[in-house]
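Please read the structure below before turning to the comments.
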Amino acid sequence: MSRAGQEPASGPQGASYAISPRRVAFDWKTTPLHWIPDEPTATHVINVLHLLLPAGERWFVKVFKEALPLVTDPGLRRDVKGFMGQEATHSVQHAYVLDHLAEQDLPTEAYTRHVDFLFEKLLGESPPFGAPVTAQEWLRFRLSLIAAIEQFTAVLGDWVLRAEALDRAGADEIMLDLLRWHGAEEVEHRSVAFDMYQHCGGAGLPRYARRVEGMVVVAPVLGWLWVWGASYLMRHDPRLRGRLRYSLRSHNRAVARGLLPTWRELGTAIPRYLRRSYHPSQEGSLRRAVEYLAASPAARAAAGAVGRAAMS
């Protein structure tokens with residue numbers, strides 16, 4: 001295991017743990033544009049999540065729906081359905097944040113239309129540009145991309161659950177609850193995409209080589225999208241009025257304050273993932289995630305609504 005106190009994940013190689021969506025809701029009326037006070041760079045670097053996830057997580061669900069008939073393991077099938085429910089909810093809740101940004105005169109369509117094109121066209125049900133790739137291989141490739149992306153979401157999820165500097169900086173409580181609820185669910189289902197790929201991705205060296213290929217594609221593209229997204233948000237931020245742009249220096253200052261994950265945390269996630277023996281149960285703390293979900297205001301409200309509906 002990569003860090004003390006880690007527990008096995010759900011799925012074929014981990015302990016049994018039920019994965020299910022929580023129908024949360026967030027009220028954004030009082031959340032300021034710079035929800036980390038006096039930290040526009042850290043705010044907008046994290047805000048890139050809202051740019052990428054609505055389309056990205058809808059795409060996860062579509063690809064998993066394609067692959068679900070191939071799943072023969074009942075436990076994995078149950079986990080995949082829970083994963084799909086959680087990811088669909090994540091997509092909706094992050095889309096609401098985009099609406100909130102637009103209400104604060106920070107429209108995002110000029111960026112998100114490119115993200116939509118990436119997931120809906122370039123990575124759609126058929127290979128783009130008539131590429132001579134079989135349907136089976138195209139599905140396996142897309143599953144490998146999702147497994148690689150989920151490596152980073154698990155790392156980021158565990159980071160935000162531990163990021164006490166955000167609390168000390170006075171970050172908006174509603175935004176923190178969204179990020180930590182989402183991060184906790186990413187840790188909760190950290191193994192599902194990897195197990196899905198291993199189950200549907202063939203066998204032996206070709207399966208491992210495709211897993212490596214997935215990370216080789218995902219890591220640079222995700223990094224590029226993140227820098228582009230942060231730059232876009234800062235350039236169009238109506239409060240900054242062009243006085244401040246995204247820079248590596250301001251990013252590193254936010255990292256030093258603990259407001260963003262370190263480059264080491266992000267970078268070392270890649271060689272871990274590339275080990276032949278790797279499994280995502282090595283990432284993060286399921287205990288920490290479950291404890292947060294038990295305390296999260298939004299998750300508690302969602303659980304209460306479910307309970308009231310069951311009793312009526």
- Message: Ring centres under 6.0 Å, that's the criterion: do Phe26 and Trp181 meet it?
- Response: yes
- Using side chain to side chain donor-acceptor pair (under 3.5 Å) as the criterion, point out the one residue from Glu186, Glu185, Arg180 that pairs with His182. Glu186
- Message: Tell me if a side-chain donor or acceptor on Arg272 pairs with a main-chain N or O of Tyr278 at a distance below 3.5 Å.
- Response: no
- Task: Using atom types as modelled and distance alone, determine if a side-chain donor or acceptor of Gln151 lies under 3.5 Å from a backbone N or O of Ala269.
- Result: yes
- Query: Any cation-pi pair here, Arg211 with Tyr273, using under 6.0 Å and within 45°?
  - Reply: yes
- Query: Where the side chain of Arg241 meets the backbone of Asp237, is there a donor-acceptor pair that is under 3.5 Å apart?
  - Reply: no
- Look at the side chain of Thr43 and the backbone N and O of Pro40, then say whether any donor-acceptor pair between them is shorter than 3.5 Å. no
Run the side-chain donor-acceptor check on residues 53-64: report pairs under 3.5 Å with partners two or more places apart or on a different chain.
from  : atom 1 : to     : atom 2 : distance (Å)
Glu57 : OE2    : His90  : ND1    : 3.4
Arg58 : NH1    : Pro54  : O      : 3.2
Trp59 : NE1    : Leu123 : O      : 2.8

- Item | Within-4.5 Å side-chain heavy-atom neighbours: His279 and Asp195 | yes
- With side chains defined as the heavy atoms from C-beta onward, is the minimum distance between His44 and Tyr246 less than 4.5 Å? no
- Message: Centroid separation under 6.0 Å, is that true for the rings of Tyr111 and Trp228?
- Response: yes
- Verify, without hydrogens or angle tests, whether Gln93 (side chain) and Leu178 (backbone) share a donor-acceptor contact under 3.5 angstrom. no
- Message: Arg257: which residues meet the side-chain contact (heavy atoms from CB on, under 4.5 Å) condition with it, sequence neighbours left out?
- Response: Glu39, Ala169, Leu259
- Can you check whether Val48 reaches Tyr232 side chain to side chain, under 4.5 Å on heavy atoms? no
- Note on the structure: Smallest heavy-atom separation, Val71 atom then Cys200 atom, equals CG2-SG, 4.3 Å
- Query: For the ring pair His251 and Trp226, is the centre-to-centre distance below 6.0 Å?
  - Reply: no
- Taking Ser250 for its side chain and Ser247 for its backbone only, find out whether a donor-acceptor pair lies under 3.5 Å. yes
- Item | side chain to side chain donor-acceptor pair (under 3.5 Å) evaluation trace for Thr262 with Glu265 | CA-CA 5 Å; Thr262 67; Glu265 284 177 288; 3.3 Å; yes
- Message: Between Leu33 and Asp105, is there a side-chain heavy-atom distance shorter than 4.5 Å?
- Response: no
- What distance do Arg253 atom CZ and Leu260 atom CG have between them, rounded to the nearest 0.5 Å? 12.0 Å
- Does Thr72 offer a backbone N or O that forms a donor-acceptor pair with the side chain of His199 under 3.5 Å? yes
- Pairing residues for Thr89 by the side-chain hydrogen bond (donor to acceptor under 3.5 Å, both in side chains) criterion, not counting sequence neighbours: Arg23
